[in-house]
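Since the structure comes first, as structure tokens, the remarks are kept for the end.
Keep in mind it's a predicted model, so treat the numbers as computed, not measured.
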Amino acid sequence: MEWDESVRALYDATEKQVKQIHNQPIKAKPFNLATFFIQITLVTLVVLTFYGFSSFDYKGVSLFEGIQAAAVTVKTMFLEPHFQHFTFVDGLKQVFVTLGLAFLTTLFGAVIALFLGLLAARNLSSNGVSMIIKGLVAIIRAVPTVLWVLIFAVAAGLGSVAAVIGMTFHSVSYLVKAYSESFEELDHGVIEALRASGANWWQIVFQAVIPSCITYIISWTFMRFEINFAVAVAMGAAAGAGGIGFDMFMASGFYYDLREVGGITYFILIFAIILEVMANRIKRKLRATV
């Protein structure tokens, strides 16, 4: 009997709250100049998109014929893959070359970014130094990786050297932001307690900051490694850095062998899936240890 009364009371209270929510008047959002300009921008982009598609000179190409030709190309690539200009073992070696390029750039970038990230964290450095480092890495991140590779190629020439320097340059800017934000989330009371006990800057870093943020450091570093693997594939074609990306460039641009492009694509997809599985396992282990 007491159970029924408690359930009834809970039901009545819930029903009363629902009625109060429904009876509340809907408040209109006040006029906001920023929201107005965003809406105007979106409407303008939609209008320009429709105008662009309607004013294109398609040179007599039919939309349905283009879709049909694209479907045939995709079918040829993914349902009829083969290797003609290199063997399966050669393709495997080239994938490992690409992985090596991604690993080196991630390793160099992580080591440099760890020190710069400590200086960029506001709770470990001065505001002036933090703003300067964060401003510089923001400018570096704004420029795509391929442009940095081409910039360094002016001095080093197209090849793996320019690719390593350019990819490392961009990796540093990415990881500095990730590391510094992780360091800034550390409890300020822990740092103040260590300072009050007489610990110097290096002791605070190695006794409190690094141990507390090691899971974030590993997670962000492995994420950048996945990104660098994809970038290394593109750099193999754009900068002549070698690896599986250069073979794909040759198969598509010189041989125009769609079947070989499909085989190379499967190589890249398989290794990308392996990296993703490894990343998920590492993240689970890190969460379990925290």
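- In the displayed structure, Trp148 atom CH2 is contacted under 6.0 Å by more than 12 heavy atoms of other residues, nucleotides or ligands.
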Before you tell me yes or no, could you show the steps for Val164 and Phe108 under side-chain contact (heavy atoms from CB on, under 4.5 Å), namely the whole-Å CA-CA distance, both residues' side-chain angles and the distance that decides it to 0.1 Å? CA-CA 9 Å; Val164 169; Phe108 296 155; 4.3 Å; yes
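- A side-chain donor from one of Thr87 and Asp90 sits under 3.5 Å from a side-chain acceptor of the other.
- Residues Arg259 and Met77 fail the side-chain proximity criterion, which asks for heavy atoms closer than 4.5 Å.
- Checked against the 6.0 Å centroid criterion, the rings of Tyr266 and Phe83 do not qualify as a close aromatic pair.
- The distance from the CG atom of Leu114 to the CZ atom of Phe183 is 5.0 Å, given to the nearest 0.5 Å.
- A salt bridge links Lys134 with Glu184: the distance from a Lys NZ or Arg NE/NH1/NH2 to an Asp or Glu carboxylate oxygen falls below 4.0 Å.
- Taking hydrophobic clusters as Ile, Leu, Val, Met, Phe, Trp and Tyr residues chained together by side-chain heavy-atom distances below 4.5 Å, Phe225 does not share a cluster with Leu269.
- In this structure, the ring of Tyr179 has its center no less than 6.0 angstrom from the ring center of Phe115.
- Donor-acceptor pairing under 3.5 Å is lacking for the side chains of Thr106 and Arg224.
- Residues Val97 and Leu101 are not in side-chain contact: their nearest non-hydrogen atoms beyond the backbone lie 4.5 Å or more apart.
- When only modelled atom types and interatomic distance are considered, Asn228 and His170 share no side-chain donor-acceptor pair under 3.5 Å.
- When the shell of 6.0 Å around CZ of Phe103 is examined, it contains 12 or fewer heavy atoms from other residues, nucleotides or ligands.
- Residues Val172 and Ile140 fail the side-chain proximity criterion, which asks for heavy atoms closer than 4.5 Å.
- One hydrophobic cluster holds both Phe229 and Phe96 under the rule that ILVMFWY side chains link at heavy-atom gaps under 4.5 Å.
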